[in-house]
Every structure is written in C-alpha cells, then in structure tokens.
Amino acid sequence: MAATETQGRSLDVASLDSRHWLGIIAALVTAAIHLLLGVRLAPSGLGISFILAGLGFLGAIALVALGIRRRLVYAVGIPFTLVQILLWYYVNFAAGPKSFPADVGTLGAADKVAQLVLLAVLVALLR
C-alpha cells in the first residue's frame with residue numbers, strides 16, 4: 001500500500017479509485033470557486049459563508065485522502081452539497097432578481113456542474 005506519513009496520519013491514495021479522484025477534482029473545483037467568491041465578497045456575511053463552504057470542501061478532501069471515516073464523509077457530503085445547490089438557486093433566482101437559466105454565468109455553471117458530479121460520486125461511493 002502506498003502510504004505517506006503526514007503528522008501521524010497515513011495518506012492513503014492507493015485505496016482511492018477513479019470515482020474518488022473524480023469526486024476530489026469536482027470538490028476542488030467547487031472549493032476554489034467558493035474561496036474565490038468568498039474573498040471577493042469578504043468581509044460580508046455572504047463572503048464568509050462562501051469561504052467556510054470552500055474550506056468545508058477542502059476539509060472533506062483531506063479526510064478522504066487520509067482515509068478518515070470515508071463513509072461518514074460521503075454521507076455528510078451529500079446533504080452539504082445539495083444544500084449548496086438549493087441555496088444558490090434560492091438566493092439567485094427564487095428570491096433574487098436573476099432569471100434562470102439566462103443569468104447563471106460561467107462561475108455559477110462551472111460550480112453547479114462540479115457539485116452535480118460530486119453528488120453523483122458521493123451517492124455511488126456510499127452504495
């Protein structure tokens with residue numbers, strides 16, 4: 001098993017299959033977008049919430065890479081990601097001034113595609 005010691009924890013990438021890597025890439029994309037938007041909107045409450053969400057995705061990637069309670073991470077990741085999608089739709093379209101899908105935008109589309117891929121991966125991994 002290819003494992004590297006990281007401060008007492010063993011990085012276990014050998015046990016990750018293609019689904020894991022697809023999920024990690026999708027989570028990295030959505031984390032990067034959330035952190036970018038968070039920095040742009042900081043120090044507002046919305047900016048802080050974007051930063052926290054981005055850090056949440058990065059934390060989940062770390063837990064999976066370290067092999068720490070992976071099934072729990074998948075199970076928590078599903079509602080976490082689903083809430084991100086629902087809040088985005090509500091804030092921007094249901095309660096906001098934008099029109100769906102005309103006003104989605106490039107970052108919004110990339111983020112939601114990444115999150116939908118992540119959701120599919122998490123469901124597949126949890127089965």
Exercise: identify the closest heavy-atom pair between Ile51 and Ala42: CD1-CB, 4.5 Å
Inter-residue atom distance Leu125.CG - Arg127.CZ, 0.5 Å rounding: 11.0 Å
His34 side-chain N/O to Ala31 backbone N/O, donor-acceptor pair under 3.5 Å: no
Distance in Å, Arg19 CZ paired with Leu122 CG, rounded so as to fall on 0.5 Å steps: 11.0 Å
Test log, rule side chain to side chain contact (heavy atoms under 4.5 Å, CB included), inputs Ile85 and Lys112: CA-CA 7 Å; Ile85 294 168; Lys112 295 314 142 200; 4.2 Å; yes
Val29 with Leu119, same ILVMFWY side-chain cluster at under 4.5 Å: no
Residues Leu11, Leu66; criterion side chain to side chain contact (heavy atoms under 4.5 Å, CB included); working and verdict: CA-CA 5 Å; Leu11 189 61; Leu66 291 169; 4.0 Å; yes
Hphob cluster co-occupancy, Val76 + Ile68, side-chain heavy atoms under 4.5 angstrom: no
Separation between CZ of Arg40 and CG of Leu107, rounded to the nearest 0.5 Å: 6.0 Å
Euclidean distance, Leu22 CG relative to Leu16 CG, rounded to 0.5 Å: 12.5 Å
Test item: Tyr74 and His20 side chains (from C-beta on) under 4.5 Å apart, heavy atoms: yes
Any donor-acceptor N/O pair, Asn92 side chain to Trp88 backbone, under 3.5 Å: yes
Same apolar cluster: Leu35 and Ile33, side chain cutoff 4.5 Å: no
hydrophobic_cluster_shared for Leu118 and Leu72, side chain cutoff 4.5 Å: no
Atom pair CG/CG of Leu58 and Leu63 - distance to nearest 0.5 Å: 11.0 Å
Closest non-hydrogen atom pair, Ala65 against Arg70: O-NH2, 4.1 Å
Atom pair CG (Leu41) and CG (Leu36), whose distance is rounded to the nearest 0.5 Å: 9.0 Å
Same apolar cluster: Leu37 and Leu55, side chain cutoff 4.5 Å: no
Contacts of type ring-ring contact (aromatic ring centres under 6.0 Å, His included), residue Tyr89, not counting sequence neighbours: Phe93, Phe100
Derivation of the side chain to side chain contact (heavy atoms under 4.5 Å, CB included) call for Leu87 and Val83: CA-CA 6 Å; Leu87 282 173; Val83 165; 3.6 Å; yes
With sequence neighbours excluded, residues passing ring-ring contact (aromatic ring centres under 6.0 Å, His included) with Trp21: none
Any side-chain heavy-atom pair of Val91 and Leu46 under 4.5 Å: no
